[in-house]
2 protein chains.
Amino acid sequence: MAKPRFPAPDHDHQACLSASLERAESAYVEAGGRLTELRASVLRELAASHQALGAYDVIQRLSAAGRRVAPISVYRALDSLLEVGLVHRIESRNAFIACHEAHDESRPILFLVCDACGTVAESGEEGLNEALGNAARNAKFTLDDTVLEMTGLCEHCAGREGTRGH
Amino acid sequence: MAKPRFPAPDHDHQACLSASLERAESAYVEAGGRLTELRASVLRELAASHQALGAYDVIQRLSAAGRRVAPISVYRALDSLLEVGLVHRIESRNAFIACHEAHDESRPILFLVCDACGTVAESGEEGLNEALGNAARNAKFTLDDTVLEMTGLCEHCAGREGTRGH
DNA sequence: GCTAGAAATGTGATATTATAACCTTTCATA
DNA sequence: TATGAAAGGTTATAATATCACATTTCTAGC
């Protein structure tokens with residue numbers, strides 16, 4: 001993950017989706033839980049796009065797909081997927097995205113969120129980790145978790161502002 | 001703001017509070033709005049500590065101080081204070097803090113949030129800006145806003161975990 | 001002073017996000 | 001094939017945030 005990249009609007013998304021779901025099974029084996037039908041369904045809805053979805057968006061989509069699920073169930077599934085690292089939470093949106101790549105666990109992830117199309121890219125930018133470490137050290141802060149999010153326009157939307165959704 | 005610092009539990013908080021409120025009047029003159037009684041009240045509650053408070057915490061405190069205010073009014077006051085830069089929003093907590101120092105507008109602020117006592121420190125760490133700029137450039141991302149938050153334990157709580165509130 | 005328009009706030013209702021409490025089902029394993 | 005732990009269902013509710021519209025307050029210009 002040297003460079004963060006926004007997927008082109010016309011990329012082969014089926015491949016992304018498959019990759020995400022394939023990783024899921026093994027991630028659960030490694031982490032010690034089970035990729036249940038519910039969790040897989042929730043992940044599928046998230047992985048179906050590169051956009052951040054709210055928990056209630058997921059509920060609506062599952063419902064549209066013929067499956068009624070209570071909020072608490074979706075939140076539980078999301079919690080589990082977050083723990084296993086298959087999903088990320090975008091704090092500034094109260095929303096979730098499927099993780100589309102493996103991460104170096106020791107590094108925080110920077111999310112780039114497009115305000116126009118809602119697409120989220122992940123970055124493992126090098127210098128970032130060091131700068132954050134310095135800040136923590138200077139403040140004598142015992143670091144637990146890090147939230148790094150940027151909002152703006154992705155390369156595909158920058159030229160044609162006002163557009164919604166690729 | 002070279003080094004972020006967590007205020008000592010026994011620091012002269014009256015001074016912090018006064019400083020914050022003094023800045024407020026001039027900040028509004030500069031920005032072109034008015035520091036109304038409501039906005040000052042909200043700011044006062046936030047500036048009364050270095051902890052992040054939820055909007056409803058503010059409502060409760062104002063109520064305890066004898067002033068009943070509707071949620072929408074507090075949110076409007078908070079929006080105004082945020083615009084003027086007197087208050088910051090901590091996304092990972094859905095909470096707000098009074099800004100206790102002037103910032104270089106061109107740089108994002110890193111917040112260090114103590115999980116034990118809730119105190120928030122602000123940092124303008126140097127390298128950070130560059131790393132974020134690189135990430136944006138690499139992704140061809142047109143940057144608008146940045147959310148940088150770290151959670152963990154402040155120096156005062158690290159030694160005595162489990163403690164709540166200085 | 002008086003008044004028109006803009007800015008701020010009040011009022012009441014409601015939308016959105018998230019969790020609590022308790023019960024039932026599913027599944028791996030002994 | 002019983003058993004206990006993990007997962008999920010059901011119902012209710014908490015916590016966070018906003019909408020729509022009426023009223024008040026402030027400022028500027030007369």
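Residue numbers begin at 1 in each chain, while the letters A, B, ... track the order of the sequences. None of the values given here were measured: they were computed from a predicted structure.
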Starting at CD1 of A:Ile90 and ending at P of C:dT17, how long is that distance when rounded to a whole Å?
15 Å
Could you tell me from which nucleotide to which nucleotide of DNA chain D, 5' to 3', there is an atom under 4.0 Å from chain B heavy atoms?
D:dT16 to D:dC26
Using a 4.0 Å cut-off on heavy atoms, which residues in residues 64-75 of chain A reach DNA chain D? List them by number, or say none.
A:Ala70, A:Ile72, A:Ser73
Between P on C:dT17 and CG on A:Asp79, what's the gap in Å once rounded to a whole number?
16 Å
Please give me every residue in residues 38-49 of chain A whose heavy atoms get under 4.0 Å of an atom in DNA chain D, ordered by residue number.
A:Leu38, A:Arg39
Does the ring center of A:His50 lie less than 6.0 Å from the ring center of A:His11?
yes
Summarise how protein sits on nucleotides 22-30 of chain C as a single string, 5' to 3': B when a protein heavy atom is under 4.0 Å from the base, S for sugar-phosphate-only contact, - for no contact.
-----S---
Compare the ring of A:Tyr56 with the six-membered ring in the base of C:dT16 and state whether they stack (centres under 5.5 Å, planes under 30°).
no
Rounding to an integer number of Å, can you tell me how far A:Leu82 CG sits from C:dT19 C1'?
15 Å
Tell me every residue that passes side-chain hydrogen bond (donor to acceptor under 3.5 Å, both in side chains) with B:Ser26, counting only those two or more places apart in sequence or in another chain.
none
Angle, rounded to 10°, between the helical axes spanning five pairs at each terminus of the helix from C:dG1-D:dC30 to C:dA30-D:dT1?
30°
Quickly work out the B:Leu81 CG to C:dA8 P distance and round it to whole Å.
11 Å
Can you find a side chain N or O atom of B:Asn94 that sits less than 4.0 Å from OP1 or OP2 on C:dT17?
no
Hey, what do you get for CZ (B:Arg76) to CZ (B:Arg39), rounding to the nearest 0.5 Å?
10.0 Å
With heavy-atom distances below 4.5 Å as the criterion, would you say the side chains of A:Phe6 and A:His156 are in contact?
yes
Sequence-distant partners of A:Arg89, salt bridge (Lys or Arg N to Asp or Glu O under 4.0 Å), two or more places apart:
A:Glu91
Cluster overlap B:Val147 with A:Val120, hydrophobic side-chain contacts below 4.5 Å:
no
Tell me who clusters with B:Leu35, hydrophobic residues only, linked when side chains sit under 4.5 Å apart either directly or through other members.
B:Leu17, B:Leu21, B:Tyr28, B:Leu38, B:Val42, B:Leu43, B:Leu46, B:Leu53, B:Tyr56, B:Val58, B:Ile59, B:Leu62, B:Val69, B:Val74, B:Tyr75, B:Leu78, B:Leu81, B:Leu82, B:Val84, B:Leu86, B:Val87, B:Phe96
Just the rounded figure in Å: distance from P of C:dT19 to CG of A:Leu78.
11 Å
Does the pair B:Arg107/B:Glu126 count as a salt bridge with the N-to-O cut at 4.0 Å?
yes
side-chain hydrogen bond (donor to acceptor under 3.5 Å, both in side chains): which pairs involve residues 141-154 of chain B, sequence neighbours left out?
B:Ser92-B:Glu149
Atom CZ of A:Arg89 and atom P of C:dT17: how far apart are they, to the nearest Å?
10 Å
C:dA18 P sits how many Å from A:Leu53 CG, rounded?
13 Å
I'd like to check A:Met150 versus B:Pro108 (side-chain heavy atoms, cut-off strictly below 4.5 Å). Are they in contact?
no
Pairs meeting criterion ring pair (Phe, Tyr, Trp, His ring centres under 6.0 Å) with involvement of residues 108-138 of chain B, two or more places apart
B:His88-B:Phe111
Heavy-atom distance under 4.5 Å between the side chains of B:Leu132 and A:Leu148, does that happen here?
no
May I ask you to list the residues sharing a hydrophobic cluster with B:Val29, side-chain cutoff 4.5 Å, ordered by chain and number?
none
For B:Arg5 and B:Glu101: C-alpha separation, side-chain torsions, deciding distance, then whether salt bridge (charged side-chain N to carboxylate O under 4.0 Å, His left out) applies.
CA-CA 11 Å; B:Arg5 266 193 46 240; B:Glu101 42 195 313; over 6 Å; no
Tell me, which pairs form a side-chain hydrogen bond (donor to acceptor under 3.5 Å, both in side chains) where one or both residues lie in residues 61-74 of chain B, sequence neighbours left out?
B:Ser41-B:Arg67
Before giving the answer on side-chain contact (heavy atoms from CB on, under 4.5 Å), spell out for A:Cys154 and A:Cys117 the whole-Å C-alpha distance, their side-chain angles and the decisive distance to 0.1 Å.
CA-CA 8 Å; A:Cys154 77; A:Cys117 67; 3.9 Å; yes
